[in-house]
Each structure stands twice: as C-alpha cells, then as structure tokens.
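This is a predicted model, so every value here is computed, not measured. First the proteins, then the strands, lettered A, B, ... as listed; each starts at 1.
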Amino acid sequence: MYRDMTCGEPRRTDTGKTITLAGWVHRRRDHGGLTFIDLRDFSGLMQIVFNEDSAPEAHTIAGDLRSEWVVQVKGVVQERRAGADNPDLPTGEIELLATDITVLNRSETPPFEIEDDQNIADETRLRYRFIDLRRPRMYKNLKLRHDVVQVARDYMCSHGFLEIETPILLKSTPEGARDYVVPSRVHPGSFYALPQSPQQLKQILMVSGVDRYFQFAHCFRDEDLRADRQPEHTQLDFEMSFVEQDDVLEVLEELYTKLVHETRPDLEVPSPFPRMTYAEAIERYGSDKPDLRFGMEVSRLTDIVSGSGFGVFESVAASGGAVRAIVAPGCAGYTRRQTDELVEFVRSSGAQGLIPMHISADAASLDTATLDDIRSPIKNHVSLETLKEMAAASGAAPGDLMLIIAGPERVVNVAISNLRAEMGKRLELADPGVFSFAFVVDFPLFEWDDDRNGWAAMHHVFSAPRPQDVGLLDSDPGAVLGQLYDLVLNGVELGSGSIRIVDRAVQEKVFGIIGHSPEDVEERFGQLLRAFQYGAPPHGGMGLGLDRIVMLLANEDNIREVIAFPKTQAAVDPLFDAPGPITQEQLRELSIRVVEAGG
RNA sequence: GGCCCCGUGGUGUAGCGGUCCAACACGCCGCCCUGUCAAGGCGGAGAUCGGCAGUUCGAAUCUGCUCGGGGUCGCCA
C-alpha cells in the first residue's frame, strides 16, 4: 500500500493519527528551516509540513522537490496553529507533519500550471492532455460524465432495457454523413465502415425479441467539427418494442429529469416537458431547437412589408422569402457600433444583413410615435404607418430595438434564431439555474435536397409517417409528417428518435420517394428488410448525445471539455499526432496504394 | 468549400513602421528566510516576434501566400 488515505480525505477528526499519503507536489513554499508542500491528487490538496528540527532528513529532501514530482509522505496529522487555517480547503484545518518522504518519481517542469481558469491554447492543452486533465475542473467533468452514465445505466436497467454491444466494424451504408472506413486485410479492396449509429442493429434486435435495448454507443461521422460536434461521440442509444411515440417520450422525460436531479440537484427542471410541433417551433423561434428559458419570439413581417416600397423587402417577398424580426427589449439606445456588431454576427450566420429599428423611449406609445421617434436605415424608404405596423406585429414598444432580417426562408430562420440566442445571452435573459427541456414533434418526414434535386429523409429512412399522413405519400411527400421527435434542452438538440416503419408497403413507398433503386436498397438495407420479413414488432427509439448533456450539466460551452481525449477542429489528436501514416508493410498487407499523399 | 478571429520567451499577454537584438505577469534557475497557503526578499537565465516572399532607408508592427489554432455558414440521415 502506498497510502492510507487520499490527499483530500483527512479531517480534524484524524488529528494524532500517523498516516501515509501519496500524490503530486502541487506547490512548495520554502521558508528555510520550514517547508510546506501542497500534496495533490484527484481528491484535493493536503498541506505537508517539513520541519528541520523534527525531521531533518525529510526536510532536506523536501527542499529539492519540484512541481509535479510524485512523492509518498508519512507523518502525523495535526491541527494547524491558531489563525493558520485555510478556509478555502476542505483539509484546511489540519496538516501533515512529515516524518519521512520518498520520491516515487520526478517530473519535468510542466508546460502550464495545474490550475483552473487558465487560458491555455486548446492545442497545447490537448498535446499535454495528461497534465490538462490534472486540473480540478477537468477531473470534475470526467467524474460528472461518469455519474451521468451511471444514473442512465441504472435507470435503463431498472426499466427492462438490456445493454447490448454492437459491432464497430461493419458496413458502409452511405447516406447522411461520410463514413470512417477501415480496410480489410483478408478481403483486399473491401472496407468496413465505423457506425454512424447502431440504427439497423438495434432494429434487428427488436426483431430478435430483445424488447428493450440500450447502449452507450460510439458513433463516427466524418464531417466538419464544431464546438458541440466531434468526429466520434457517444450516444445513449435505445430502442423499445410495442411502443408508441408517447411511450418513448415518457421514458425520456423520466430519465432526463432523474439525470439532472441526481447530478445537479441545484438545477430546476420545469415539468412536464412542453411539446411543440416542428412547425410551431420554426414559426415561433425560427429553430427546431429553441431555448425556452426566455421569450423573444420571432415575428413574421413578410406580408406587412411586401408592398412597403422598400426594394429589399419587396424582392424577398416576391421570391418567396421571409422577413422576420425579434425585439430586444429596452435596447433602443444601442449605438451604431453595437448594431454593427450584430450585423456582423448575423452575416456570420449566413444572412445578407440586418436592419435595426430603434423606437425611442421618448415616444409615449407606439400609436403616437412619429418619424422622429424612429431610428432605422429604412425609415426613409418605408411609410410611418408600415413601420408602426411592423413594430406592432413584433410586439415592440417605445424603448425597444427591433432586429429585422430578410432573405430566403431557411437562411433567415438560421440567422434570426442564432441572433435570438445571442441577444438572450447578451441581455442575460436565460436563467442559468433552469434546465428547460422540450419535445419537438411532428417533423416532416422528407426534406427537399437541392443538390440531389429530390427528397431526402429528414431523419432516416426507417422513420414512420404519422398514420393520418400515409395517404399523402403518393400525392404530396413534402406534407407528410413523421412520428419523429427531438429532445431539446436550453437551445441544444440532445437527440432524435422515431417510431419505425414496419409496414412493407409503406417502406417501399418511402424508398421510392427518396429515389433509391432496388439495388441500392438491397445493398444498404437488405439485412434489415430481410429481418423484417420474419415478424417485426412495432418499435421505436432514440439516440441521445451523451457528450452534449454532460457539457450542459458541466456548464461548459465546448464539448471538448467533457471528452477525455478529443480532437481539434481539423480532426487531429495532438497528443498521439493522429491520424498518421502507416508503414509500407501495412499498406502492402492491406492492398492499398497511397496515390496522392496529403492531396 | 465560404466567411471571421488568432499565432510574440515554458504559459498568458503588451508592443501595431524606427525610441524593441522586444516589455510585463506567472513559471523556471540560484541564494536567503521556522508558519506559509497566488508565501516573501534579492539575483539570474530564457523569445529575432508561426513559416516564406514582398513593400520600405528601416518590419514583431504593412501586403501576399502558406502552415497551425479557434468560431461559424454549408455539411452533420
């Protein structure tokens, strides 16, 4: 045994005990004849005292210690001298008076200090991740992640779900994201693909009679990274037989409420989780993952301004686009510089521009407002009457700032919803102590894909249409709504799921609409369809991002903070320097020739 | 693929055309110190300013390209 206790463990009640501790030298304070060491491990800090008089040998060794050396210290727990307590430390009432010390290992000077709230470049942190993870904040995040998994697993197990592993090496079924592929040595020219999700496998398990399955599934997608997106992430993936949509949502609500309560008891979780259709979410928030902690709903001004005489509005309206706005309450006093910043912000969200409209707080009311009360680049192009109509439709009042975006519907929605989130942040409208979950339901089953010039599955090809919409499959695919649902939290999409198609005829229609040839279907989905021929139970399920919920629970704004070994934006691991080349020998075995290195 | 931001000793920053062969803080090294806990005092080492090419009498400072990092739009069934 190297130690009797961990560094953060001893308390006043241990006074008088002789114990041995082990850990890293966090800091040394050398006073000559008296030397202090803060000894650190995952559990915390313990002050060790080396006294030249009482333990000369140990004191001498202590003088040579450096940051991050690994040591073992034996000594007596004693209360600190009066007035020498450190109320910031859980162990601050006591200290260990060392009698012996053994240096277990030396350390290079670390590239950065083991302290929270340091602003170190991400790449440096990742290159020295082993040191980065020593920071209490990072350990806390790892622990939180562990706790979340633990609670989720307990819940699933106690509700009849069977945890089953599915293969990582499987087959490419191109559709959706790009695959990560792995060459086969045994079958030259053939490749495995890493799963983007265990979708087909879990559905096959339902056909197998498993009834309820879950897994913490690693999912791989070779797409560009974001603050909340890594090329490999973990999903809490589950599937249930003999269920309808409401049954699944019930499980979700119970699970996530429990998750938050048990890992962050300080947070408030409004219940029941509100349900909102996709159409409603887009109309009210411009987004299918709205942050419901604050209002600031998005209004639609297209009809009001279509005949306004202002060229931008008229042409947007004429081409089927949208003019939408939000109201920043009490922000009429925003300076040109502030609104310019917002213009820059919406441009980075893809919009052409942003039209601010300040309504002076001096106006007694919107009705009595005059042109002098309005400050906006469009005030000389649009009649006062129309300006007032716009304000009224948006719910703006004197003292408010209207922010208007015009353009193609989708572009406007992306930009205005991002702007809403940004203003919510700037005005601190969202209560950080609230976790506001929501179910977004009734997504369209198909969305139009301009590149392919055809319909694509909004979620995936096995998602079922609503029973009442099956008839529309032939006549109007775009109008078909699916038994599709998302779980959303504070403006972040946590996961998507659906009730699956088990009706052969419906499945074939869906394939037809998406334009898969029979050969395509066989190649990609043959195994699942074959399984379905042998008695598929009604079933549905969900895939939920584990990293994202942990990120939110940890109050982090980047997913890398809750993943032990994440990748940089260029999908590189700076610690391992991955990806990297392989040897000629390996290439030969795999029958692979690199044609254009780095090209 | 597009757009935006960043790149100065180990770390984080300042400097934004000559006064900079670069400043400050922390860290590091040495000496002193028996009650500190971001210990303190004194002394010291350490970067040619991501790379390349230009502009200029002169560049860390301006321009172009390039590499790396971050954010974002597209993309992510």
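For the residue pair A:Asn86 and A:Gln47, no side-chain donor N or O sits within less than 3.5 Å of a side-chain acceptor on the partner. The closest side-chain donor-acceptor pair between A:Tyr213 and A:Asp237 falls under 3.5 angstrom.
Here the two rings, on A:Tyr485 and A:Phe443, have centers that are 6.0 Å apart or farther. Between A:Phe525 and A:Phe511, the gap from one ring centroid to the other is short of 6.0 Å.
Rounded to an integer number of Å, the gap from A:Arg28 CZ to B:rG30 P is 8 Å. Atom pair A:Ile48:CD1 and B:rC37:C1' shows a separation of 13 Å (rounding to whole Å applied). At whole-Å resolution of the value, CZ in A:Phe50 and C1' in B:rG35 are 15 Å apart. Rounding to whole angstrom units, CD of residue A:Glu115 and P of B:rA25 are separated by 19 Å. With rounding to whole Å, A:Asp30 atom CG is found 12 Å from B:rG30 atom C1'. Taking atom CG of residue A:Asp38 and atom P of nucleotide B:rU36, one finds them 14 Å apart after rounding to whole Å. A straight line from CD of A:Glu52 to P of B:rU36 spans 18 Å, rounded to a whole angstrom. Counting to the nearest Å, the P atom of B:rG74 and the CG atom of A:Asp450 are 13 Å from each other.
Here A:Ala227 lies in heavy-atom contact (under 4.0 Å) with sugar-phosphate atoms only.
Each of B:rG68, B:rC28, B:rA39 was ranked by its minimum atom distance to the side chain of A:Ser67; first place goes to B:rC28. In the set B:rG71, B:rG35, B:rA39, the nucleotide with an atom closest to the side chain of A:Phe36 is B:rG35. Ranking B:rC73, B:rU36, B:rC28 by closeness to the A:Gln47 side chain, first place goes to B:rU36.
In this structure, A:His31 forms an aromatic stack with the base of B:rA39, since both conditions hold: centre separation below 5.5 Å and plane angle below 30°.
Checking the phosphate oxygens (OP1, OP2) of B:rC73, a side-chain nitrogen or oxygen of A:Asn418 falls inside 4.0 Å.
A residue-by-residue look at A:Gly32 and A:Gly92 shows that A:Gly32 has its nearest nucleotide of RNA chain B further toward the 5' end. Of the residues near RNA chain B, A:Arg66 and A:Arg548, the one whose nearest nucleotide (by heavy atom distance) lies more toward the 5' end is A:Arg66.
For B:rC75, the base has a donor-acceptor partner in the side chain of A:Arg229 [N/O atoms by modelled type, under 3.5 angstrom].
The partner of B:rG12, taking Watson-Crick or G-U wobble pairs whose two distances both stay under 3.5 Å, is B:rC24.
B:rU55 sits 34 Å from B:rG12 when the P atoms are compared, rounded to a whole Å. Rounded to the nearest Å, the gap between the P atom of B:rC24 and that of B:rG41 is 16 Å. Comparing the C1' positions of B:rC4 and B:rG43 gives a spacing of 47 Å, expressed to the nearest Å. For the C1' atoms, the distance linking B:rG50 with B:rG70 amounts to 15 Å, nearest Å. Separating the C1' atom of B:rG17 from that of B:rG74 is a span of 40 Å, rounded to the nearest Å. Using C1' as the reference atom, B:rA45 and B:rC29 are 7 Å apart when rounded to the nearest Å. Spacing of C1' atoms, B:rC6 relative to B:rG51, comes out at 16 Å, to the nearest Å.
More than 12 heavy-atom neighbours from other residues, nucleotides or ligands sit within 6.0 angstrom of CG on A:Asp116.
In this pair, A:Phe462 and A:Phe532 present their aromatic rings perpendicular. The plane angle is above 60°, beyond the 30 to 60° band.
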**Request:** Sugar-phosphate means primed atoms, P, OP1 and OP2; the rest is base. With that split, encode nucleotides 2-12 of chain B 5' to 3' as B, S or - using protein heavy atoms under 4.0 Å.
**Result:** --------SSS
**Message:** Checking A:Glu113 against A:Gln118 for the side-chain hydrogen bond (donor to acceptor under 3.5 Å, both in side chains) test, could you report, in this order, the C-alpha distance in whole Å, the side-chain angles of both residues, the deciding distance, and whether it holds?
**Reply:** CA-CA 8 Å; A:Glu113 293 171 68; A:Gln118 294 229 81; 4.8 Å; no
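Using a 4.0 Å cut-off between charged nitrogen and carboxylate oxygen, A:Glu115 and A:Arg137 do not count as a salt-bridge pair. Looking at A:Glu223 and A:Arg229, no side-chain N of the basic residue comes within less than 4.0 Å of a carboxylate O on the acidic one, giving no salt bridge.
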